[in-house]
Colleague: 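This is the structure, below, for whatever I ask next.
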Amino acid sequence: MKFSTVILHLFISGAAASSVRRDGGRNLDETTLFTKAGKSGAKASKAAKVFKGSKAGASVPADDAAASVGGMNTSPVHIAGYDNSVRLLKREGIIDSIPTSICEKHRDVEEGAEPVHGKNVILVVGDGMGWEMIRAGAIAKQVITELEGMGVDIKEGATGDVADAAKAAFAGRSLGDYYTEGKGSGLSFQDLSGFNVMTTTVPIIGEPNDGNHYGPARSFLGNVEEHDNGMEELIVGADGNPLVFDPRDVLKGGNMVQWDDVKGGMHPWDPNYFNSAMGLPTDPSFDPEFIMQHAIDSANSASAYATGVKTGVNMMGVDLYEQPVRSILEEALSCDKSGGIMTSVPILHATPAAFVTHTNYRKNGHHLQDGYKETKPTWAMGTCASIYQPSDEMKQAMMPGGSLSEEFTFLHQDPDVLAENFYDSIQDLDPDDGKKVLACFGGEYSTSGNDNMPYRGLDSSYLDRWCSVGIIDKDEDDVTIGITPNSTICNHWPEEELKNIPVMKDHVKEALKFLGKDDDGYFLMIEQGDIDWAA
């Protein structure tokens with residue numbers, strides 16, 4: 001069978017507001033129809049008191065809820081029909097019609113029509129890699145390339161005429177001499193077509209959090225940290241009826257944080273951001289704090305990418321009512337394709353877990369492990385540490401003679417196995433035969449117990465990185481006023497362990513080689529999950 005392969009790059013910044021404009025955009029969110037009256041008694045009074053006067057969310061009488069089914073919500077009191085990502089794609093004009101099946105081989109093909117080919121989808125995620133981080137990396141790469149062209153050894157430096165020439169070339173140069181807007185250049189993916197800049201958003205249920213940081217970790221059942229999926233009553237409004245999703249801006253009484261082009265600027269490179277940082281004048285209506293309000297987290301942003309359904313902070317693979325929604329990886333598996341996740345952080349950390357689990361709280365260990373057990377992705381690779389990994393019981397069952405040993409091959413870091421031989425035992429395995437792979441590093445499988453894969457250091461060798469982000473400086477009122485850089489160099493992992501750990505590009509090659517044997521195609525999510533931690 002012939003295949004086409006789609007590679008998507010997503011770079012998730014650590015603090016992002018919304019891509020939905022405050023001039024009236026379309027609701028992109030999935031909502032649920034109420035068919036039952038709200039809470040009663042003391043619990044209802046308590047909930048109504050908590051959310052009385054809230055700007056985020058409206059309540060609807062049960063009779064109206066049962067009768068209100070259908071299109072977009074345009075009034076403060078409303079309920080939308082249950083939506084999905086396929087209908088969204090049609091509304092947005094990305095597809096002309098809704099296919100009869102999500103699976104290519106299950107669709108009706110007219111007699112004599114060209115056969116439908118399989119499609120491989122590779123999603124590359126850079127967590128913590130916003131526009132500013134990309135620019136920093138791109139400029140660093142350009143500088144390194146220029147220095148090497150002058151004969152400078154970037155690991156050892158230079159002396160004599162070479163050093164003098166390099167100093168003269170860079171004299172008086174500043175970051176302003178490099179690109180200051182747009183996609184820029186310097187890194188390989190910046191040469192790809194279809195490059196764009198976007199930011200995503202989080203729904204606000206009830207009152208927003210104080211300060212300028214994450215949106216509240218709250219569903220329509222309340223604080224997600226306090227119960228398992230669905231194990232709580234619905235939040236009610238002051239009238240005793242359940243709150244329902246309102247796609248309007250949170251400042252207008254709705255549940256969505258929408259973008260303001262004036263307060264936040266049109267682009268991440270808006271001159272007002274630079275002027276603000278330098279103490280220079282900015283536009284009167286510009287607010288440098290706006291972009292930091294109601295930020296997403298890795299869990300709900302990855303969940304939106306994985307499922308096409310918007311959900312709240314800390315939530316993955318569930319909607320705002322904590323009901324499970326299928327991910328693109330699960331869709332691939334249902335179509336007899338392979339589905340894989342791989343990451344530089346723990347296997348069931350927020351981004352990879354959003355593709356294989358369904359939980360209202362990203363730190364709910366049994367949800368994470370049960371989700372992996374139920375989904376059983378074809379390929380999973382990353383560190384295995386703390387709760388963010390398949391259960392010990394499941395890993396034990398994958399060992400030779402275990403109940404899952406015929407299906408799974410379990411590989412883990414071993415001081416007696418060199419990196420170049422790590423994947424030797426899977427070379428003859430084929431996902432078309434029902435074979436799956438789990439590869440674990442770090443944690444209990446390493447002497448150092450590291451939770452993340454090795455960071456690349458200053459010389460690109462996985463050694464010699466800054467030991468910390470620096471020393472936080474505070475004033476007499478204990479308010480942070482700056483950071484004193486820490487110039488101490490150390491290694492992220494002990495050097496003797498690095499010989500047992502393949503570099504990420506080799507992990508990716510092995511994943512593509514294995515999944516590429518699937519005659520129906522595959523989906524693979526590849527995450528560099530610690531860009532912000534390593535920076």
Side-chain angles (χ1 to χ4, degrees), residues 10-31 51 53-58 72-76 78 80 83 88 92 127-128 130-131 197-220 222-224 235 237 243-268 270 272-273 285-305 307-316 318-321 350 354 360 362:
L10 293 175
F11 306 104
I12 305 175
S13 178
S18 166
S19 60
V20 186
R21 294 169 57 97
R22 281 196 166 130
D23 55 9
R26 183 170 306 186
N27 174 28
L28 309 186
D29 296 276
E30 192 158 337
T31 56
F51 292 97
S54 169
K55 292 183 178 180
M72 295 308 305
N73 302 306
T74 56
S75 64
H78 52 260
D83 204 1
L88 166 64
E92 293 296 315
D127 197 326
W131 183 83
V197 176
M198 62 163 285
T199 184
T200 188
T201 183
V202 63
I204 304 296
I205 308 301
E207 292 292 345
N209 284 340
D210 292 334
N212 293 318
H213 202 34
Y214 291 115
R218 190 183 300 121
S219 71
F220 279 118
N223 189 331
V224 299
I235 295 173
L243 294 180
V244 295
F245 186 81
D246 185 334
R248 295 177 304 158
D249 190 296
V250 65
L251 298 180
K252 298 178 181 179
N255 294 115
M256 288 305 296
V257 180
Q258 298 177 359
W259 189 252
D260 188 313
D261 294 342
V262 177
K263 288 184 177 181
M266 285 290 292
H267 304 288
D270 191 295
N272 284 296
Y273 284 111
S285 298
F286 178 77
D287 180 3
E289 301 293 313
F290 177 76
I291 196 172
M292 294 183 283
Q293 296 171 358
H294 320 303
I296 61 167
D297 74 331
S298 297
N300 84 304
S301 57
S303 185
Y305 296 137
T307 68
V309 176
K310 190 69 70 176
T311 194
V313 165
N314 283 346
M315 301 170 68
M316 304 181 296
V318 294
D319 62 19
L320 287 169
Y321 297 90
N360 63 347
R362 61 186 287 177

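The basis for the numbers below is simple: all heavy atoms, side chains too, and nothing from hydrogens, waters or symmetry mates.
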Colleague: Could you tell me whether the side chain of Trp259 reaches within less than 4.5 Å of the side chain of Ile291, counting heavy atoms only?
Modeller: yes

Colleague: Work out which heavy atom in Ile235 is nearest to a heavy atom in Ser219; give both atom names and the distance.
Modeller: CD1-O, 3.5 Å

Colleague: Between Gln258 and Leu251, is there a donor-acceptor pair closer than 3.5 Å when you use the side chain of the first and the backbone of the second?
Modeller: no

Colleague: Using the side chain to side chain contact (heavy atoms under 4.5 Å, CB included) criterion, which residues pair with Asp270? Sequence neighbours excluded.
Modeller: Asn272, Tyr273

Colleague: Which value, rounded to the nearest 0.5 Å, describes the distance between Asp260 atom CG and Ser285 atom OG?
Modeller: 8.5 Å

Colleague: Which atom pair, heavy atoms only, marks the closest approach of Met316 to Ala299?
Modeller: CG-CB, 3.5 Å

Colleague: Starting at NE2 of His213, measure out to CE of Met292 and round the result to the nearest 0.5 Å.
Modeller: 10.0 Å

Colleague: Given Tyr321 and Val244, is the side chain to side chain contact (heavy atoms under 4.5 Å, CB included) satisfied, shown in steps?
Modeller: CA-CA 10 Å; Tyr321 297 90; Val244 295; 4.3 Å; yes

Colleague: Quick check: does any side chain N or O of Arg362 sit under 3.5 Å from a backbone N or O of Val313, one acting as donor and the other as acceptor?
Modeller: no

Colleague: Measuring only between side-chain heavy atoms, which start at C-beta, is Ile204 closer than 4.5 Å to Pro216?
Modeller: yes

Colleague: Within this structure, what is the CG-CZ distance for the pair Asn209 and Arg218, rounded to the nearest 0.5 Å?
Modeller: 6.5 Å

Colleague: Of all the heavy-atom pairs spanning Ser301 and Ser298, show the shortest one and how long it is.
Modeller: OG-O, 3.3 Å

Colleague: Verify, without hydrogens or angle tests, whether Thr311 (side chain) and Asn300 (backbone) share a donor-acceptor contact under 3.5 angstrom.
Modeller: no

Colleague: Taking C-beta and beyond as the side chain, do Ile205 and Asn255 meet within less than 4.5 Å on heavy atoms?
Modeller: yes

Colleague: Could you grab the distance from atom NE2 of His267 to atom CG of Asp261, nearest 0.5 Å is fine?
Modeller: 8.5 Å

Colleague: Not counting sequence neighbours, which residues clear side chain to side chain contact (heavy atoms under 4.5 Å, CB included) with Asp287? List them please.
Modeller: Lys263, Glu289, Phe290, Gln293

Colleague: Residues in side-chain hydrogen bond (donor to acceptor under 3.5 Å, both in side chains) with Ser303, at least two apart?
Modeller: none

Colleague: Just verifying a value: how many Å separate His294 NE2 and Ile296 CD1, rounded to the nearest 0.5 Å?
Modeller: 13.5 Å

Colleague: Side chains of Thr201 and Lys310, heavy atoms from C-beta outward: is any pair under 4.5 Å?
Modeller: yes

Colleague: Check whether any side-chain heavy atom of Leu320 sits under 4.5 Å from a side-chain heavy atom of Pro203, and report yes or no.
Modeller: yes

